[in-house]
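First listed ligand is number 1; within each ligand, the first listed atom is number 1.
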Amino acid sequence: MGEHPTTAEIDLQALDQNLAQAVFCARGRPILGVVKANAYGHGALPLARRLSIRGVQMLGVAFLNEGIELREGGITLPVLLLAGCFREEVAEVFEHRLIPVVYDQSVVEALGRVASSRGGVCPVHVKADTGMGRIGLREKEILSFVERAAATMGIRVEGVLSHFSEADIEDRSSASEQIRRMREIRQGLMDRGIQIPFYHMANSAAVMDLPAAHLDLVRPGLMLYGYSPFEKRSPLALRPILGWFTRISALKRVPAGTPISYGRTFVTQRESLIATVPIGYADGYPRSLSNRGEMIVRGIRVPVVGRVCMDMLMLDVTEVPGLSAHERVTVLGEDGGESIFADELARRSGTIPYEILCGIGRRVARYYRDPGEGTAGSKGG
Ligand SMILES: *Cc1c(COP(=O)(O)O)cnc(C)c1O
């Protein structure tokens, strides 16, 4: 009642299986489960809870407010703020026992003051820019930065991390160069007698296909949600954990020559059965899929016709026999023998699965399923 007709169902058992793949690839190294951006659109808290009870050692979010959300939801695991924090946020970072990624001297000093004034110590992970050109210290500066941070009252340097710019392509030369720089940094710090428990740089692509980057800890995100960052199919048995569903809100038969939706970009070529579904770009269905997307109805793929609107779009369901209004439509997932997943949607709309998943709108209600609950060993279909 009063519930949005477009919903997402998240299969927590599939999440477990994807996590097991990451553990297998990383040969038992600690896992930092990346749950930034509302766990890539899947819902940060339910996923963080599940990953916690399944033995993940740390969680990663991008920003302070995301970390606070986890703490307020009762998550007790170490939580890394991957995008760092601003100076004025350090008190809250410390109070919520969050671990910031740092790369700015003034932030380290402010954190150290807050922590030591309260008789505590704040762990930090220092970011190295080994080739991404985003946040982090370049090789020339990082050794002295870490040395200084390690000597700062109230600060404990628990990790040094870096991030790949292209671990997801065939050509490994730039990734290898980044690994080489990271090893050099590690050697440099060891030579200075600085012991740091966690050096880490492996995102999903590196977890899956670049063992030299596994170091002390790995940071998978996308693969936990069941997708491979690679264009080619992965040999791993990853399973997308999110299904996205809507239902037919109107069904009408129209004659040939009928224009459909804004701008009349589609005109029926024959007598057609047109279904309207209550999902639009406000739900995260890309407008660029106007006249390009497909959905599944009764196990049959049907095309999106006309422009995707904010709250609705139209499907040509002429080929689906015996259809009635209010029937379920699969946007992402499997139905009958057919399946559509976020990588296909991404390809069709010129983006990456990350953006499709993160874009699933706030008004889409998320449901969490645990097919194995109480029936140990039952197999998910
Ligand atoms: C998002 C992110 C990850 C996870 O990347 P995936 O490609 O989703 O595995 C790892 N590390 C950092 C720093 C990130 O920002």
Side-chain angles (χ1 to χ4, degrees), residues 15 18-26 29-42 44 47-48 51 56-64 66-67 70 78-85 98-103 124-137 158-169 174-175 178-179 181-182 198-211 213-232 234 236 238 240-242 341-343 346 351-360:
L15 175 70
N18 297 332
L19 173 62
Q21 298 284 316
V23 171
F24 170 78
C25 291
R29 284 181 179 74
I31 305 270
L32 181 153
V34 179
V35 293
K36 63 191 177 190
N38 200 28
Y40 295 36
H42 295 71
L47 283 258
L51 292 171
V56 157
Q57 284 87 347
M58 277 192 208
L59 295 168
V61 294
F63 301 107
L64 172 63
E66 297 176 327
L70 295 186
V79 174
L80 210 59
L81 306 180
L82 296 168
C85 69
L98 301 167
I99 307 174
V101 164
V102 295
Y103 47 89
V124 299
H125 289 220
V126 177
K127 188 71 176 267
D129 178 4
T130 56
M132 176 70 177
R134 198 169 63 178
I135 56 174
L137 296 129
E158 185 186 80
V160 170
L161 75 157
S162 195
H163 193 53
F164 285 109
S165 64
E166 43 179 24
D168 55 345
I169 59 167
S174 98
Q178 288 192 258
I179 296 171
R181 290 182 186 169
M182 189 68 167
F198 296 110
Y199 287 87
H200 51 107
M201 64 191 310
N203 56 6
S204 294
V207 171
M208 291 165 65
D209 214 26
L210 211 53
H214 291 179
L215 306 178
D216 305 310
L217 169 80
V218 297
R219 305 193 306 260
L222 189 70
M223 72 181 293
L224 299 178
Y225 307 106
Y227 288 94
S228 161
F230 297 100
E231 289 285 338
K232 62 178 169 22
S234 157
L236 293 181
L238 297 176
I241 71 171
L242 180 140
F341 293 114
D343 43 355
T351 183
I352 51 177
Y354 298 81
E355 189 178 2
I356 299 290
L357 297 171
C358 290
I360 296 177

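Nearest to atom 7 (O) of ligand 1 among the protein's heavy atoms is Tyr354 OH, 2.7 Å. For atom 9 (O) of ligand 1, the closest non-hydrogen atom on the protein side is Ser204 OG, 2.5 Å. Closest to atom 11 (N) of ligand 1, if we only count protein heavy atoms, is Arg219 NE, 2.8 Å.
Close contacts between ligand 1 and Leu222 involve ligand atoms 6 (P), 8 (O), 9 (O) [criterion: under 4.0 Å to a heavy atom]. When each atom of ligand 1 is checked for a heavy atom of Tyr40 under 4.0 Å away, the hits are 1 (C), 4 (C), 5 (O), 6 (P), 8 (O).
Side-chain contact check for His125 and His200: at least one donor-acceptor pair (N or O, by modelled atom type) lies under 3.5 Å.
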Start with the C-alpha distance between Asp216 and Arg29, add both sets of side-chain angles, then the distance that settles side-chain contact (heavy atoms from CB on, under 4.5 Å), and finish with yes or no. CA-CA 7 Å; Asp216 305 310; Arg29 284 181 179 74; over 6 Å; no
Report the C-alpha separation of Leu222 and Leu357 in whole Å, then their side-chain angles, then the decisive distance to 0.1 Å, and conclude whether the side-chain contact (heavy atoms from CB on, under 4.5 Å) test is met. CA-CA 10 Å; Leu222 189 70; Leu357 297 171; 4.2 Å; yes
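Closest to atom 5 (O) of ligand 1 by heavy atom, among Asn203, Val61, Ile135, is Asn203.
Only the side chain of Lys36 comes within contact range of ligand 1, with a heavy atom under 4.0 Å; no backbone atom does.
The aromatic rings of His42 and Tyr225 sit parallel to each other, their planes meeting at less than 30°, with 60° as the upper class boundary.
Between the side chain of His214 and the backbone N or O of Val207 there is at least one donor-acceptor pair closer than 3.5 Å. Remark: side-chain polar atoms of Ser204 are paired, donor with acceptor, to backbone N or O of Gly221 under 3.5 angstrom.
In terms of polar-atom proximity, defined here as any N/O pair under 3.5 Å, Gly221 does make such a contact with ligand 1.
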